[in-house]
Amino acid sequence: MTKIITLLASVALLLAACEDHTEGVSSAEVGEAETAPEATETTAEASPRRETLAIDRARSSVGFTGAKVTESHDGSFTELDGSIELDPQDTTASAVRVTIQVGSLQIEPERLRDHLKSADLFDVARFPTATFESTAIRAGGDGTVDNQPATHTITGNLTLHGETRSVTFPAIVEVASGQVSARSEFTIDRKDFGIVYPGMPDDLIHDEVVIRFSVVAPRGG
């Protein structure tokens, strides 16, 4: 009886460890890098009050969740900056740019943090930054963010690990008198960006990684 109880407990722990870390999260559409549309004179005339807003680093964040067969880990990057080019008359004519210092990665335990920075995974020495630059923003979206319906769909070029791909994902974009904010949660396949380390033979790494970001940019100086 003791052996049976021990076996059942082990199975329960394994099932708990193997819960899908991507459950309920929308998958980004990933494709070839796109060329950002250039602003035209017509666009400029239609938006004389176009605003270039700096992202508030203290109130913005970029994080991720990766998983092995046995467990998942949440990480974040503490150093990021960027800007939002806001068209207050037409949000879909706006743009966002973000640069992340990959070496600012924070995750526990320390051994995992060091491994993620190594050549096996992020390879921080060769690829110290990751960038995102939007190429299109459209109203409406099919996915959710934090269980709330998306207000917009954002497409842009994500450069990670030296690879640039176009990614499309749902987002919640809010424009207020004092600030602009955008947040999203979506999954990407790490192998699309050349991160192919498989993990240990008895504890393989899942390909899907959850990306989470929230950026805030104050308006009016």
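A quick note: this is a predicted structure, and the numbers were derived from the prediction, not measured. Note: hydrogens, waters and symmetry copies are ignored here, and every other heavy atom, side chains too, is used.
- With sequence neighbours excluded, the residues forming a side chain to side chain contact (heavy atoms under 4.5 Å, CB included) with Ser76 are Gln106, listed by chain and number.
- With sequence neighbours excluded, no residue forms a ring-ring contact (aromatic ring centres under 6.0 Å, His included) with His73.
- Distance check: Thr22 OG1 to Glu208 CD gives 6.5 Å after rounding to the nearest 0.5 Å.
- Arg113 places a side-chain N or O within donor-acceptor distance of the main-chain N or O of Ile107, the cut-off being under 3.5 Å.
- In terms of the side chain to side chain contact (heavy atoms under 4.5 Å, CB included) criterion, Pro201 has no residue partners (sequence neighbours excluded).
- The side chain to side chain donor-acceptor pair (under 3.5 Å) analysis of residues 55-65, with sequence neighbours excluded, yields the pairs Asp56-Arg59, Arg59-Gln179, Thr65-Asp74, Thr65-Arg212.
- As a member of the Ile/Leu/Val/Met/Phe/Trp/Tyr network built from side-chain separations under 4.5 Å, Val196 groups with nothing else and remains a singleton.
- For the pair Thr153 and Gly140, the tightest heavy-atom approach, listed with the atom from each and the gap, is OG1-O, 2.8 Å.
- The CG atom of Leu53 sits 6.5 Å away from the CD1 atom of Ile84 when rounded to the nearest 0.5 Å.
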List the atom pairs, donor and acceptor, that lie under 3.5 Å between side-chain atoms in residues 96-105 and the rest of the protein, sequence neighbours left out.
residue : atom : partner : partner atom : Å
Arg97   : NE   : Glu133  : OE2          : 3.3
Ser104  : OG   : Thr78   : N            : 3.1
Ser104  : OG   : Glu79   : N            : 3.1
Ser104  : OG   : Gln101  : O            : 2.6

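- For Glu23, the side chain to side chain contact (heavy atoms under 4.5 Å, CB included) partners are Asp20, not counting sequence neighbours.
- The shortest distance between side-chain heavy atoms of His161 and Phe127 falls below 4.5 Å.
- Side-chain contact between Phe186 and Val145 is absent, with no heavy-atom pair separated by less than 4.5 Å.
- Among residues two or more places apart in sequence or in another chain, the side chain to side chain contact (heavy atoms under 4.5 Å, CB included) test is passed with Asp120 by His115, Ser118, Tyr197.
- Of the possible polar contacts, none joining the Arg138 side chain to the Thr92 backbone as a donor-acceptor pair under 3.5 Å is found.
- Ion pairing between a basic and an acidic side chain is recognised when a charged N comes within 4.0 Å of a carboxylate O; Arg126 and Asp123 show such pairing.
- With a 4.5 Å cut-off on side-chain heavy atoms, Val210 and Glu185 count as touching.
- The pair Asp146-Arg183 meets the salt-bridge criterion, with a side-chain N (NZ, NE, NH1 or NH2) lying under 4.0 Å from an Asp/Glu carboxylate O.
- Partners of Asp189 by side chain to side chain donor-acceptor pair (under 3.5 Å), not counting sequence neighbours: none found.
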Worksheet item: Hey, mind stepping through Phe132 and Phe213 against ring-ring contact (aromatic ring centres under 6.0 Å, His included) and telling me if it holds?
Response: CA-CA 11 Å; Phe132 176 78; Phe213 76 80; 7.0 Å; no
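- Rounding to the nearest 0.5 Å places OG1 of Thr131 at 8.0 Å from CG of Asn157.
- No continuous path of hydrophobic side-chain contacts links Leu160 to Val25 [ILVMFWY only; heavy atoms under 4.5 Å].
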Please table the atom pairs, donor to acceptor, closer than 3.5 Å between any side-chain atom in residues 162-173 and protein atoms at least two apart or in another chain.
residue : atom : partner : partner atom : Å
Thr164  : OG1  : Thr159  : OG1          : 2.7
Arg165  : NE   : Asp192  : O            : 3.3
Thr168  : OG1  : Thr155  : OG1          : 2.8

Quick one, Ser94 with Asp87, criterion side-chain hydrogen bond (donor to acceptor under 3.5 Å, both in side chains). Give me CA distance, side-chain angles, the key distance, then yes/no.
CA-CA 5 Å; Ser94 303; Asp87 185 331; 5.9 Å; no
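- Separating the OG1 atom in Thr52 from the CG atom in Leu86 is a distance of 9.0 Å, to the nearest 0.5 Å.
- Through direct or indirect side-chain contacts shorter than 4.5 Å among Ile, Leu, Val, Met, Phe, Trp and Tyr, Val216 is connected to no other residue.
- Contact annotation: the side chain of Leu116 never approaches that of Asp114 to less than 4.5 Å [non-hydrogen atoms, C-beta and beyond].
- Side-chain contact between His206 and Lys68: absent, with no pair of heavy atoms (C-beta onward) separated by less than 4.5 Å.
- Rounded to the nearest 0.5 Å, atoms CD1 (Ile211) and OG1 (Thr187) are 9.0 Å apart.
- By the ring-ring contact (aromatic ring centres under 6.0 Å, His included) test, His152 is found to be paired with no residue, residues two or more places apart in sequence or in another chain being considered.
- Between the CD atom in Glu71 and the CG atom in Leu112 there is a gap of 8.5 Å [rounded to 0.5 Å].
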